[in-house]
Amino acid sequence: AIKSITATQRLDSRGNPTVQTRIVTSNGTFTSLVPSGASKGDYEAVELRDGDDSIYHGNSVLKAVRNVNEILGPAVCKAGLDPATELKRLDQLMIKLDGSNDKGNLGANAILSISMALARAGAAARNIPLYEYIAAEAGLPTDNYVLPVPFFNVLNGGDHSGNSMAFQEFMIAPVGASSTSEAVQFAAETYASLKSVIVAKSGKSAIGIGDEGGFAPPIYHPCEALELLTQAIEDAGHTGKICIGIDPASQSFFEHGSYNIGFKTETPESLQPSELAQMYRSLMDSYPIILLEDPFGQDDWQSFVEFNKDCPIELVGDDLLATNITRIKMAKDKGACNSLLLKINQIGTISEAIAAAKEAYAAEWSVFVSHRSGETTDDFIADLTVGLRTGHLKSGAPCRGERVAKYNRLMDIEDELGDRQLPFKYAGPNLRHAQKL
Ligand code: PGA
Ligand code: ZN
């Protein structure tokens, strides 16, 4: 049984306050810390911030903390439901208490922090690892697993860094590794090579990093980023084994119907949607790009649909879908993309995140699990990725504790599956169809 649920205010990786929740049951104490985005979409569940300019520049989350301590926590304790088997009902109870469509009354940060800790408490009550609990909740296999290809965001732009590059993320994906641990090794080696390439090109002052641990050198055009990556991959000796994913997060530079890739400079450079699409296609012709996320703005359905026709690569909806089943169904009907970006704080409960993944699988889409740019040391999404069999996730560079926490947990899971003598496979090049492996 649940004995107590309490929350406090802690910091995330940008130094902003976030919610930490602690649940005590007869099996122990279970905590969670919630992440926070910078390039947030309009369709995300609402993160409650106090807006009191006298502390933390308005970013404190004391209301959300109070909502856990005084409203959500007591109600969840009193409900007498068992997190071992009734996560969905517990999440539904919180959704009902909030009463809004976007969790804006009590706060998605408050609700998610409880949902995450409940899942951990439920797993402990059943004496199983969190990834197995999630697989069981999702109705996926619990006797064999798929380990993901990690996508490492090694060059940061957009709203995540101070350089003038509009595109937010350039990720390296070691699909040619033989395991997640080897993928981590390939990525860390390439990251170190990238540092040398940047120093050689722009000097030591250029190796500062962005919010997700990737370098943020003084570059502007996506081609410059891809050239740096190509050189680093080659220097590290991994050519042919590492593919590339790009998240332009184009909502950040969508202005009045066109895309201003000069938005971080003094000189606007506006591209029509068709010109931007052409730029993506020519990049795809020249570099080993296997994934493109949010190439267009969250309401630019027409451009998404057009690009998705005969799209040879994974086309991921992030701001477009906001991990929201209604938006996923809309996108499915229109044929707007072929993959769901899964961010737990976009929707605000674990059971809804699982339902969103299943909705995507039902449409024959892939699922790509994601951290936020404001993260914490909480490694929940590593277990979520393995449990949901998504075959890939992104958690930033192989650098900064809050990013590395997830990769380290994945390697722990890989070791643990070996110890448990459970069969598992590395998703590798099959990452888009991992749930069928
Ligand atoms: P965010 O960025 O966490 O700042 O929203 C991540 C992304 O766009 O995928
Ligand atoms: Zn994104």
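Here, residue 1 is the first one in the sequence, and each next residue gets the next number. The analysis underlying the following values was restricted to heavy atoms, covering all of them including side chains, and did not include hydrogens, waters or symmetry mates.
- Among residue pairs with one or both ends in residues 343-354, those qualifying as salt bridge (charged side-chain N to carboxylate O under 4.0 Å, His left out) are K103-E352, D318-K343; sequence neighbours excluded.
- Every residue meeting the ring pair (Phe, Tyr, Trp, His ring centres under 6.0 Å) condition with F304, not counting sequence neighbours, appears here in chain and number order: F296.
- Applying the side-chain hydrogen bond (donor to acceptor under 3.5 Å, both in side chains) test between S115 and each of T349, D91, T21 identifies D91 as the sole match.
- Qualifying ring pair (Phe, Tyr, Trp, His ring centres under 6.0 Å) partners for Y56, counting only residues two or more places apart in sequence or in other chains: none.
- Formation of a donor-acceptor pair under 3.5 Å by the T190 side chain with backbone atoms of A232 is not found in this model.
- Looking only at atom types and distance, the side chain of Q251 has no donor-acceptor partner in the side chain of D319 under 3.5 Å away.
- Sorted by first then second residue, the salt bridge (charged side-chain N to carboxylate O under 4.0 Å, His left out) pairs that include residues 109-119, not counting sequence neighbours, number zero.
- Salt bridge annotation for K394-E293: present, with a cationic side-chain nitrogen under 4.0 angstrom from a carboxylate oxygen.
- Within the 4.5 Å cutoff, the side chain of L194 has no heavy atoms near those of the F170 side chain.
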Before you tell me yes or no, could you show the steps for E44 and R372 under salt bridge (charged side-chain N to carboxylate O under 4.0 Å, His left out), namely the whole-Å CA-CA distance, both residues' side-chain angles and the distance that decides it to 0.1 Å? CA-CA 13 Å; E44 300 192 17; R372 297 309 300 250; 3.0 Å; yes

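- Side-chain contact check for H371 and E402: no donor-acceptor pair (N or O, by modelled atom type) lies under 3.5 Å.
- When every heavy atom of A183 is checked against every heavy atom of Y426, the shortest pair comes out as CB-OH, 3.4 Å.
- Minimum interatomic distance between S373 and A38 (heavy atoms only, all atoms of both residues): OG-N, 3.2 Å.
- For K40, the salt bridge (Lys or Arg N to Asp or Glu O under 4.0 Å) partners are E47, not counting sequence neighbours.
- Note: F151 CZ to L393 CG = 9.5 Å, rounded to the nearest 0.5 Å.
- Residue S13 holds its OG atom at 4.5 Å from CZ of R403, rounded to the nearest 0.5 Å.
- Closest approach of I2 and T25 over heavy atoms only: CA-CG2, 4.2 Å.
- For Q302, the CD atom is loosely surrounded, since the number of other residues' heavy atoms within 6.0 Å does not exceed 12.
- You'll find the side chain of K406 reaches within 4.5 Å of the side chain of E375, heavy atoms only.
- Taking all atoms of both residues into account, the shortest heavy-atom contact from N105 to D98 is ND2-O, 2.7 Å.
- In this structure, NZ on K3 lies 11.5 Å from SG on C77, to the nearest 0.5 angstrom.
- Of all non-hydrogen atoms in L342 and A353, the two that sit nearest each other are CD1-O, 3.4 Å.
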Go through the steps for E189 and Q185 under the test side-chain hydrogen bond (donor to acceptor under 3.5 Å, both in side chains), then give the verdict. CA-CA 6 Å; E189 289 167 355; Q185 181 200 321; 2.8 Å; yes

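- Ring planes of Y191 and F215: parallel class, angle under 30° (limits at 30 and 60°).
- Under the side chain to side chain donor-acceptor pair (under 3.5 Å) criterion, D333 pairs with no residue at all, not counting sequence neighbours.
- Pairs engaging residues 58-84 under the side-chain hydrogen bond (donor to acceptor under 3.5 Å, both in side chains) rule: D50-S60 [sequence neighbours left out].
- Sorted by first and then second residue, the salt bridge (charged side-chain N to carboxylate O under 4.0 Å, His left out) pairs involving residues 8-35 (not counting sequence neighbours) are R14-D211.
- In K332, the NZ atom is crowded: over 12 heavy atoms of neighbouring residues, nucleotides or ligands sit closer than 6.0 Å.
- In this structure, F167 and Y280 have tilted ring planes: the angle between them lies in the 30° to 60° band.
- Residues that satisfy the ring pair (Phe, Tyr, Trp, His ring centres under 6.0 Å) test with Y43, not counting sequence neighbours, are absent from this structure.
- Taking CG of L320 as the reference point, atom OG of S250 lies at 9.5 Å (rounded to 0.5 Å).
- Looking at I209 and N156, their side chains never come closer than 4.5 Å, going by heavy atoms from C-beta outward.
- Screening residues 119-135 for side-chain hydrogen bond (donor to acceptor under 3.5 Å, both in side chains), with sequence neighbours left out, gives R120-D378, R120-D379, Y131-E416, Y131-R420, E132-R420.
- R432 places no side-chain N or O within 3.5 Å of a backbone atom of H392 that could act as its donor or acceptor partner.
- Using modelled atom types, no side-chain atom of Q435 and backbone atom of Y361 make a donor-acceptor pair closer than 3.5 Å.
- Residues V386 and L147 meet the side-chain proximity criterion, which asks for heavy atoms closer than 4.5 Å.
- The number of heavy-atom neighbours closer than 6.0 Å to NZ of K201, taken from other residues, nucleotides and ligands shown, is above 12.
- Taken to the nearest 0.5 Å, the OG atom of S39 stands 7.0 Å off from the CG atom of D247.
- Here the side chains of L112 and M116 are in contact, with some heavy-atom distance below 4.5 Å.
- To the nearest 0.5 Å, atoms CD1 (I242) and CD1 (I290) are separated by 11.0 Å.
- Under the 4.5 Å side-chain criterion, counting only non-hydrogen atoms from C-beta, L291 is in contact with M171.
- Residues L283 and C223 are in side-chain contact: their nearest non-hydrogen atoms beyond the backbone lie under 4.5 Å apart.
- Annotation: salt bridge (Lys or Arg N to Asp or Glu O under 4.0 Å) contacts of E364 (sequence neighbours excluded): K436.
- Judged as a ring pair (Phe, Tyr, Trp, His ring centres under 6.0 Å), and not counting sequence neighbours, Y220 has no contacts.
- Between S161 and K264, the closest side-chain pair of non-hydrogen atoms falls below 4.5 Å.
- The two residues L48 and N109 come nearest to each other via the heavy atoms O-ND2, 2.9 Å.
- Judged by distance alone, the side chain of R400 and the main-chain N or O of G210 form a donor-acceptor pair under 3.5 Å.
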